[in-house]
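Being a predicted model, the structure only gives us computed values, none of them experimental.
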Amino acid sequence: QVQLVESGGGLVQAGDSLRLSCAASTGTFGNYAGGWFRQAPGKEREFVAGISWSGGSTYYADSLKDRFIISRENTKNAVFLQMNSLKPEDTAVYYCAAGIKSSARGVGAWNYWGQGTQVTVSS
């Protein structure tokens with residue numbers, strides 16, 4: 001079991017970059033695949049990116065793969081999301097998740113969740 005805490009969200013302008021962090025406060029994150037999801041107001045939570053426990057395999061939502069990069073440092077018990085060229089439509093609460101299958105795009109396939117961090121992109 002892991003408890004996840006996200007950080008790094010904030011208010012930025014269109015075109016800016018932002019790096020989100022997700023650290024496991026308890027448990028070993030390296031035993032799990034890591035994922036990022038986001039949820040905009042009035043919309044369902046959607047898959048952003050996933051990374052295998054070793055970091056050797058990564059998966060992205062098709063619309064985001066050219067701008068977002070997921071990575072991890074198991075020595076720090078953490079997973080990261082580098083977001084570049086941000087757009088107003090990227091505005092959402094971003095959630096970190098831990099699970100078994102890094103390519104899983106359904107919310108129900110992930111076992112543990114953080115509380116979320118708000119990202120707001122102004123035009």
Side-chain angles (χ1 to χ4, degrees):
Q1 184 173 357
V2 290
Q3 290 188 330
L4 304 174
V5 180
E6 301 98 334
S7 61
L11 173 63
V12 297
Q13 294 187 332
D16 286 350
S17 296
L18 205 58
R19 188 188 193 215
L20 304 183
S21 299
C22 174
S25 59
T26 63
T28 303
F29 206 167
N31 290 339
Y32 299 90
W36 286 97
F37 286 71
R38 68 183 185 183
Q39 188 166 18
K43 295 188 177 181
E44 293 185 352
R45 193 172 298 188
E46 65 175 357
F47 176 81
V48 172
I51 188 167
S52 61
W53 67 270
S54 68
S57 298
T58 57
Y59 304 88
Y60 295 93
D62 289 342
S63 61
L64 300 175
K65 60 184 177 181
D66 293 333
R67 298 188 294 120
F68 289 14
I69 301 171
I70 189 171
S71 61
R72 71 187 305 159
E73 290 187 42
N74 287 341
T75 56
K76 296 183 178 180
N77 222 14
V79 171
F80 308 96
L81 184 68
Q82 178 69 40
M83 304 186 293
N84 301 318
S85 302
L86 283 163
K87 304 175 181 180
E89 51 263 43
D90 294 319
T91 295
V93 177
Y94 283 72
Y95 295 90
C96 175
I100 302 302
K101 189 175 181 180
S102 55
S103 60
R105 297 174 187 244
V107 171
W110 295 82
N111 303 98
Y112 306 103
W113 294 86
Q115 82 289 349
T117 185
Q118 176 71 47
V119 172
T120 303
V121 184
S122 64
S123 58

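- Considering CD of Gln82 and CD1 of Ile70, their distance stands at 12.0 Å, rounded to 0.5 Å.
- Here the straight-line distance linking atom CZ of Phe68 with atom OG of Ser85 works out to 9.5 Å at 0.5 Å rounding.
- Considering every non-hydrogen atom in both Leu81 and Ala49, the closest pair reads CD1-CB, 4.4 Å.
- A continuous path of hydrophobic side-chain contacts links Val93 to Phe47 [ILVMFWY only; heavy atoms under 4.5 Å].
- Hydrophobic cluster membership is shared by Leu18 and Ile69, with clusters built from Ile, Leu, Val, Met, Phe, Trp and Tyr side chains linked at under 4.5 angstrom.
- Between Ser52 atom OG and Arg72 atom CZ the span is 7.0 Å, to the nearest 0.5 Å.
- The two residues Val2 and Ala98 come nearest to each other via the heavy atoms CG2-CB, 3.8 Å.
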Go through the steps to decide whether Met83 and Trp36 satisfy the test side-chain contact (heavy atoms from CB on, under 4.5 Å), and finish with yes or no.
-> CA-CA 12 Å; Met83 304 186 293; Trp36 286 97; over 6 Å; no
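- Arg45 places no side-chain N or O within 3.5 Å of a backbone atom of Gly106 that could act as its donor or acceptor partner.
- Distance alone, capped at 3.5 Å, places no donor-acceptor pair between the Arg38 side chain and the Val119 backbone.
- Within the model, atoms CG of Asn111 and CD of Gln1 stand 10.0 Å from one another, a figure rounded to the nearest 0.5 Å.
- For Trp110 (side chain) and Ala33 (main-chain N/O), no donor-acceptor pair under 3.5 Å exists by modelled atom type.
- If you run ring-ring contact (aromatic ring centres under 6.0 Å, His included) between Tyr112 and each of Phe29, Tyr32, Tyr95, only Tyr32 comes through.
- With hydrogens and angles ignored, the 3.5 Å screen pairs a side-chain donor or acceptor of Glu6 with a backbone N or O of Gly116.
- Trp113 and Val79 are not part of a single hydrophobic cluster, where members link through side-chain heavy atoms under 4.5 Å apart.
- Between the side chain of Asn74 and the main chain of Ser54, no donor-acceptor pair closer than 3.5 Å is present.
- Linking ILVMFWY residues whenever their side-chain heavy atoms come closer than 4.5 Å, directly or via other members, leaves Leu4 and Phe37 in distinct clusters.
- Listed here is the closest heavy atom pair of Pro88 and Ser123: CG-CB, 3.9 Å.
- The hydrophobic clustering, which links ILVMFWY residues whose side-chain heavy atoms are closer than 4.5 Å, places Tyr59 and Ile51 apart.
- With hydrogens and angles disregarded, no donor-acceptor distance shorter than 3.5 Å links the side chain of Asp90 to the backbone of Asn84.
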Take Gln118 and Thr91 through the side-chain contact (heavy atoms from CB on, under 4.5 Å) test and state the conclusion after the steps.
-> CA-CA 8 Å; Gln118 176 71 47; Thr91 295; 4.0 Å; yes
